Amino acid sequence: MNTYQWIRKALKPPAHSDAFDLESWRHWLINVITILVIVFGFPVSMTLILPRFFEQKLYLLIGLDAVFLILAVWHVLRRGRSFLQHMIYWVIAIYILTISFHFAMGPQYARTGWLILCVIVSVLTYGVQAAFVSAFCNAAILMVLYFSLGPHYTSWQAAWAEPRVVWYSYVVNITLISLAISLPLGYLIERLNCALLKERETAKSLKDEIRAKESAQYALMEQERRYRLLAE
């Protein structure tokens, strides 16, 4: 299978029989994220942000973004199937992009959306516990960026000029909003997965029971045939 065929297959949702299988759904999700980011998301965002990076001489961030793109392309060309490694890679990659955008452009515009995206991706890939870890990582990242960049970078001057309590309130709000969005989603996915596993267990038991009855019926018919032959 060549890369183009794999991309077409990867973008196709799981088959009906696997539609609510959590692992197959997560495989499909990470493949879609990879392909869409490489084809659409990354080129568009970099076209907009690279001039700003060059203007501010943020060559380290340019290097990080280049490494991110190379690894993403390598992932598609390699067409690997290691679910855990790919998920960890994408969570880390999204965090790197989020931090780089905050670093270069400050906390304004759509930066808040990136932080919430990190929590959503974490809960979709690793469950409810990951939502708490990601939300509190977001809070820690915001606090570190605020105190390390606020006094020195123009993009952070507006936030730094406000009373400090305003920033604390912002961080708390981002954390609570992230949890309010991600936790119900995580619980819903886990409940659906538990229901699916229970349903599959029941279906397997029914199949085993039907198979046992068919075997018993076949044995009975065979015994009747022998008795008939004996009688004749």
Side-chain angles (χ1 to χ4, degrees), residues 6-7 9-38 40-42 45 64 68 71-72 74-76 78-102 110-145 170-205:
W6 178 82
I7 289 174
K9 185 179 178 184
L11 289 174
K12 209 171 170 189
H16 180 70
S17 59
D18 298 328
F20 295 100
D21 180 86
L22 193 58
E23 187 172 342
S24 65
W25 183 83
R26 281 172 169 166
H27 273 290
W28 174 76
L29 174 68
I30 200 61
N31 287 332
V32 169
I33 289 175
T34 305
I35 294 163
L36 291 182
V37 165
I38 292 172
F40 300 108
F42 197 84
S45 64
L64 284 175
F68 169 80
L71 288 175
W74 173 75
H75 164 78
V76 171
R78 180 171 168 263
R79 303 194 296 277
R81 295 294 184 272
S82 177
F83 169 73
L84 183 63
Q85 291 177 358
H86 290 171
M87 284 302 179
I88 290 175
Y89 162 73
W90 274 111
V91 171
I92 293 173
I94 291 172
Y95 262 108
I96 290 173
L97 288 179
T98 301
I99 293 170
S100 69
F101 287 147
H102 275 78
R111 308 292 87 78
T112 304
W114 278 87
L115 290 170
I116 295 175
L117 173 65
C118 291
V119 181
I120 294 295
V121 171
S122 298
V123 78
L124 288 176
T125 52
Y126 289 111
V128 172
Q129 293 84 358
F132 286 101
V133 174
S134 181
F136 289 112
C137 282
N138 288 348
I141 288 169
L142 284 174
M143 296 302 291
V144 169
L145 290 175
Y170 170 73
V171 173
V172 170
N173 286 335
I174 291 297
T175 304
L176 293 178
I177 290 171
S178 300
L179 291 174
I181 294 172
S182 60
L183 289 181
L185 183 61
Y187 280 119
L188 177 62
I189 290 173
E190 288 185 3
R191 290 297 92 202
L192 286 173
N193 193 49
C194 288
L196 170 71
L197 293 175
K198 205 173 283 186
E199 182 186 344
R200 286 188 172 175
E201 214 173 295
T202 305
K204 185 176 179 299
S205 299

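Predicted model only: the values in this text are computed from it and were never measured. When reading the values below, keep in mind they use all heavy atoms of this one structure, side chains included, and skip hydrogens, waters and symmetry mates.
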* Stepwise side chain to side chain contact (heavy atoms under 4.5 Å, CB included) check, Ile181 with Leu185 -> CA-CA 7 Å; Ile181 294 172; Leu185 183 61; 5.9 Å; no
* Distance-minimising heavy-atom pair for Val119 and Ala131 -> CG1-O, 3.9 Å
* Between Tyr95 and Asn138, is a side chain to side chain contact (heavy atoms under 4.5 Å, CB included) present by the stated rule, with each step listed? -> CA-CA 9 Å; Tyr95 262 108; Asn138 288 348; 2.8 Å; yes
* Is a donor on one side and an acceptor on the other found under 3.5 Å between the side chain of Glu190 and the backbone of Gly127? -> no
* Calculate, to the nearest 0.5 Å, the distance between atoms OG and CG belonging to Ser134 and Leu115 respectively. => 8.5 Å
* Asked: Could you walk me through whether Leu183 and Phe132 pass the side chain to side chain contact (heavy atoms under 4.5 Å, CB included) check?
  -> CA-CA 9 Å; Leu183 289 181; Phe132 286 101; 3.7 Å; yes
* To do: Please examine the side chains of Ile141 and His102, heavy atoms only from C-beta on, and report whether any two atoms are closer than 4.5 Å.
  => no
* Can you see which heavy atom on Val128 is nearest to which on Gly186, and at what distance? => CG2-C, 3.6 Å
* Shortest non-hydrogen contact from Ala139 toward Thr175 -> CB-OG1, 3.6 Å
* **Smallest separation among heavy atoms of Cys118 and Thr98, with atom names** => SG-OG1, 3.4 Å
* Spacing of CD1 belonging to Ile120 relative to OG belonging to Ser182, to within rounding of 0.5 Å -> 5.5 Å
